Number of protein chains: 2
Amino acid sequence: MTLLRDEGLTAEELAVWRMLQRAQVRITRHLEAELLVAHDLPLASYEVLMQLAEAPGRRLRMNDLAGRVLLSRSGLTRLIDRLQRYGLVSREACADDARGLFAVLTDAGAARLAEATPTYLRGIKTQFLDLLGSGEITRVRGMLAKLDATGSA
Amino acid sequence: MTLLRDEGLTAEELAVWRMLQRAQVRITRHLEAELLVAHDLPLASYEVLMQLAEAPGRRLRMNDLAGRVLLSRSGLTRLIDRLQRYGLVSREACADDARGLFAVLTDAGAARLAEATPTYLRGIKTQFLDLLGSGEITRVRGMLAKLDATGSA
DNA sequence: TCCTGTTAGATGTCTGTGCAACAACGTCCT
DNA sequence: AGGACGTTGTTGCACAGACATCTAACAGGA
């Protein structure tokens, strides 16, 4: 593993990165599967509904929303297409910017979200939080905050 | 956020999960992009080559490999197809199980891996490790180990 | 030996996503 | 005003990945 030293990385550091990867993928897969079987709702769709529910007026600009759910604009266009087909979301024009569109959570969407939320939260609890000590959760929070670029770029 | 309390989750706990998601996605995207522009090598391909390089005899059974890179068996079949087309990997029969196949790292594959590794490691360093204090890395290691199911299921 | 059940890997098909290109609109500067 | 430039959202295209299904091959019992 000479290459590691060349770049100033220890084997332990590399292992930490791999564990982060594995953990995140495992949890994500679990959530996706559970939401799908129990509510026929993919994880990405759930997250869109969740973001909209938390937003003022239950609405968000497409671009803004894309950033929050970590999707490209085109990806979000298609996802909203689907959600709209199912009546969970609607599109509304933006008054002060004719280019803009709001994705708006419908009542049906809110209902569907409420239905799926216990599954989602239980998954996060059993697959993530319960595996950590509660003390560790607070400590990891600060750590992840540094990694999360929400505040900066 | 009554629903949170119903499931025994605090808003902070949920926030931690979201940060984990964002961090992992951000880092992954960065690595993928860098590897692609600098070496025309997708992240998944890099990880396959890396796993093979670390394995004894530079070879791994398809099934085994699929597990390590968190890919479905069919997904790995296609990925190895591609790598084989580019000459980075070859398939070899398994002596003691006629069903089995080894994916074997070729010399060209090893060379390509060596070429790309500095990019990969630098990405992990700048996008992940450098953002944490070095003290935190050690502490987070134990924590992530609990989340990583490698040892169990 | 045959029959049943399981496992390894490959393939058809479908869905989801990103990138590049585009049109419509806004912003700013002169 | 007018034109260059950036932004917003959508589309064509290509591709990667999952699931279900298939074939070949192993394992164990009657």
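Here the structure is a predicted model, which means the values were calculated and not measured. Just so it is clear: chains get the letters A, B, ... in the order the sequence lines come, proteins before strands, and each one is counted from 1.
- Salt-bridge formation is not detected for the pair B:Arg85/B:Asp81: no Lys NZ or Arg NE/NH1/NH2 atom is positioned less than 4.0 Å from an Asp or Glu carboxylate oxygen.
- At a threshold of 4.0 angstrom between heavy atoms, the contacts of B:Ala44 are confined to the sugar-phosphate backbone, with no base atom among them.
- Atoms CG (A:Leu71) and C1' (C:dT15) sit 14 Å apart, rounded to a whole Å.
- A salt bridge links B:Asp107 with B:Arg58: at least one charged nitrogen is closer than 4.0 Å to a carboxylate oxygen.
- In this structure the side chain of B:Leu88 never reaches within 4.5 angstrom of the side chain of B:Leu113, judged on heavy atoms.
- In this entry the distance linking CG of A:Asp96 with P of C:dT27 reads 9 Å, nearest Å.
- With respect to A:Glu54 and B:Arg18, a salt bridge is recorded, a charged nitrogen being found less than 4.0 Å from a carboxylate O.
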Could you please spell out the steps behind the side-chain hydrogen bond (donor to acceptor under 3.5 Å, both in side chains) verdict for B:Tyr46 and B:Thr117?
CA-CA 8 Å; B:Tyr46 178 86; B:Thr117 291; 2.9 Å; yes

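- Spacing between atom CG of B:Leu70 and atom C1' of D:dA18 amounts to 14 Å, rounded to whole angstrom units.
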List the protein contact pattern of nucleotides 6-13 of chain D with one symbol per nucleotide (5' to 3'): B for base contact, S for sugar-phosphate-only contact, - for none; contact means a heavy-atom distance under 4.0 Å.
BBSBBBBB

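- An OP1 or OP2 oxygen of D:dC19 is reached within less than 4.0 angstrom by no side-chain nitrogen or oxygen of A:Arg29.
- Looking only at side-chain heavy atoms (C-beta outward), B:Leu43 and B:Tyr120 come within less than 4.5 Å of each other.
- If you measure from atom CG of B:Leu79 to atom P of D:dC15, you get 15 Å, rounded to the nearest angstrom.
- Between B:Ile80 atom CD1 and C:dT11 atom C1' there is a gap of 16 Å when expressed in whole angstrom units.
- If you take CG of A:Leu43 and P of D:dA18, they are 15 Å apart, rounded to a whole angstrom.
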